[in-house]
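To keep things clear, I will list the structure first and then write my remarks on it.
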Amino acid sequence: MTQSLVLLPGLNNTRAVFDGVLAALPPPVAALALDNLALDTVEAIAAAHLAQLPERFWLAGFSFGGYVALAMLAQAPERVQGIAMLCTAPFADSEAAAQKRLAALDAVAQGRYFELVAAAVANTFHPDSLANAPLMAARQAMVQDYGPARYAAHVRATAARPDRSALLDGSRPTLVLAGSHDKLFTPEALAAYAARIPGAQQRVVGPAGHLAPMEQPRAVAEALAQWMGAAA
């Protein structure tokens with residue numbers, strides 16, 4: 001039986017972040033990767049996605065996409081068959097963290113968006129990935145497509161998001177996946193909240209930093225297929 005899977009990308013990502021995952025998913029999974037619109041709240045992005053999706057689907061959010069996925073779950077819980085949190089967490093920013101994010105928008109207003117992204121590359125990939133020229137080129141092309149306007153909107157949406165950890169209550173199949181060397185959402189931090197979700201599956205893929213869907217697409221696809229019960 002074919003199962004619908006919706007994939008949501010992260011900050012500085014287009015749906016291209018899932019290209020390798022889409023190629024590796026088994027035939028029973030009909031997957032659709034979406035771009036997050038340049039809207040200032042995760043709720044508005046979620047509503048736009050829900051308006052174009054089938055009645056029922058499995059939902060996976062990577063990083064910022066996890067915040068949007070939780071907003072979709074809040075708006076239409078009856079439509080979400082299962083939820084996968086990929087290198088992400090359900091908690092709100094502290095006030096200090098939110099202000100730090102918003103401060104980065106000054107650099108964007110000064111035309112320094114691509115400079116910001118370049119400076120963060122070492123924190124987002126496993127060291128081995130930095131020497132992978134095709135991977136770095138794919139990431140650069142994705143960032144160019146994403147652009148500063150979408151980044152600014154998504155930073156504002158990230159800073160304003162509420163804590164939605166209560167939604168991860170085990171009432172539907174839940175997957176929490178971490179990159180083995182992720183500095184932004186460490187495996188230890190994700191394991192701590194996953195342990196409080198009844199029946200949640202936990203997976204660590206690697207070697208990978210934060211961009212696990214690009215660095216280890218086959219392993220991410222395998223984890224998603226097993227979570228959905230669609231593994232070959």
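Worth saying up front: this structure is predicted, and the values here are computed from it rather than measured.
To the nearest 0.5 angstrom, Ile45 atom CD1 is 11.5 Å from Leu34 atom CG. With values rounded to the nearest 0.5 angstrom, Leu224 atom CG is found 10.0 Å from Gln201 atom CD. In this structure, OG1 on Thr124 lies 7.5 Å from CG on Leu130, to the nearest 0.5 angstrom. Separating the SG atom in Cys87 from the CG atom in Leu190 is a distance of 7.0 Å, to the nearest 0.5 Å. The distance from the CZ atom of Arg101 to the CZ atom of Arg156 is 14.0 Å, given to the nearest 0.5 Å. Between the CZ atom of Arg172 and the CD atom of Glu78 there is a distance of 9.0 Å, given to the nearest 0.5 Å.
For Thr174 (side chain) and Ala200 (main-chain N/O), no donor-acceptor pair under 3.5 Å exists by modelled atom type. The closest donor-acceptor contact from the side chain of Gln75 to the backbone of Glu43 lies under 3.5 Å. Arg161 contributes no side-chain N or O that, together with a main-chain N or O of Ala157, makes up a donor-acceptor pair within less than 3.5 Å. Here the side chain of Glu215 pairs no donor or acceptor atom with the backbone of Gly206 at under 3.5 angstrom. In this structure, Gln202 contributes its side chain and Leu175 its backbone to no donor-acceptor pair below 3.5 Å. Using a distance-only test at 3.5 Å, with no hydrogens or angles considered, a donor-acceptor pair links the side chain of Thr14 to the main chain of Ala16. With hydrogens and angles disregarded, no donor-acceptor distance shorter than 3.5 Å links the side chain of Arg203 to the backbone of Glu222. Looking at Asp182, its side chain never comes within 3.5 Å of a backbone N or O of Gly179 through a donor-acceptor pair. Checked by atom type and distance alone, the side chain of Arg139 never pairs as donor or acceptor with a backbone atom of Leu211 at under 3.5 Å. Looking at Arg150, its side chain never comes within 3.5 Å of a backbone N or O of Leu39 through a donor-acceptor pair.
Nearest heavy atom pair, residue Ala92 against residue Pro162, reads CB-C, 3.7 Å. Minimum interatomic distance between Pro187 and Ser180 (heavy atoms only, all atoms of both residues): CG-O, 3.6 Å. Across every non-hydrogen atom of Pro213 and Val21, the tightest pair is O-CG2, 3.6 Å. Closest heavy-atom contact between Ala24 and Ala221: CB-CB, 3.7 Å. Of all heavy-atom pairs between Pro173 and Trp227, the closest is O-NE1, 3.2 Å. Considering all non-hydrogen atoms of both residues, Leu135 and Ser129 come closest at CD2-CB, 3.7 Å.
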* Kindly determine whether Val108 and Tyr151 satisfy side-chain contact (heavy atoms from CB on, under 4.5 Å), including the steps that lead there. => CA-CA 9 Å; Val108 175; Tyr151 174 79; 3.5 Å; yes

* How far apart are the C-alpha atoms of Phe64 and Asn13, what are their side-chain angles, what is the distance that settles it, and do they pass the side-chain contact (heavy atoms from CB on, under 4.5 Å) test? -> CA-CA 9 Å; Phe64 173 79; Asn13 303 161; over 6 Å; no

* To do: Go through the steps to decide whether Arg79 and Leu50 satisfy the test side-chain contact (heavy atoms from CB on, under 4.5 Å), and finish with yes or no.
  => CA-CA 9 Å; Arg79 296 176 62 186; Leu50 287 167; 3.8 Å; yes

* Asked: So Met142 and Met214, side-chain contact (heavy atoms from CB on, under 4.5 Å) or not? Walk me through it.
  -> CA-CA 11 Å; Met142 182 173 67; Met214 292 188 82; 3.7 Å; yes

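Counting heavy atoms from C-beta outward, Leu177 and Met85 have side chains that stay 4.5 Å or more apart. For the pair Pro28/Thr2, no side-chain contact is recorded, criterion being any heavy-atom separation below 4.5 Å from C-beta on. Here the side chains of Leu168 and Tyr193 are in contact, with some heavy-atom distance below 4.5 Å. Residues Met72 and Leu59 are in side-chain contact: their nearest non-hydrogen atoms beyond the backbone lie under 4.5 Å apart. In this structure, Gln216 and Pro207 have side chains that are in contact, with non-hydrogen atoms separated by less than 4.5 Å. Side-chain contact check for His49 versus Leu8: some heavy-atom pair is nearer than 4.5 Å. Proximity of Asp169 to Ile197: side-chain heavy atoms (C-beta onward) are nowhere separated by under 4.5 Å. Looking at heavy atoms from C-beta onward, Phe18 lies out of side-chain contact with Val220 at the 4.5 angstrom threshold.
The pair Glu188-Lys183 fails the salt-bridge criterion, with no side-chain N (NZ, NE, NH1 or NH2) lying under 4.0 Å from an Asp/Glu carboxylate O.
Residues Trp58 and Leu70 do not share a hydrophobic cluster, clusters being chains of Ile/Leu/Val/Met/Phe/Trp/Tyr side chains in contact below 4.5 Å. Clustering ILVMFWY residues whenever any of their side-chain heavy atoms sit less than 4.5 angstrom apart, transitively, puts Leu37 in a cluster other than the one holding Val17. Transitive grouping of hydrophobic side chains (ILVMFWY, heavy atoms separated by less than 4.5 Å) keeps Tyr146 and Met136 in distinct clusters. Hydrophobic clustering keeps Leu32 apart from Leu7 (ILVMFWY residues linked when any side-chain heavy atoms are closer than 4.5 Å, directly or through intermediates). Put simply, Val121 and Tyr113 are part of two different groups of oily side chains (I, L, V, M, F, W, Y) that touch within less than 4.5 Å, one to the next.
No more than 12 heavy atoms of other residues, nucleotides or ligands sit less than 6.0 Å from atom CZ of Arg218. The number of heavy-atom neighbours closer than 6.0 Å to CZ of Arg15, taken from other residues, nucleotides and ligands shown, is 12 or below.
Between Phe125 and His210, the ring center distance fails the sub-6.0 Å criterion.
Of the candidates Leu86, Val68, Leu11, Leu86 is the only one forming a side chain to side chain contact (heavy atoms under 4.5 Å, CB included) with Phe62.
Between the side chains of His154 and Asn12, not a single donor N or O lies within less than 3.5 Å of an accepting N or O.
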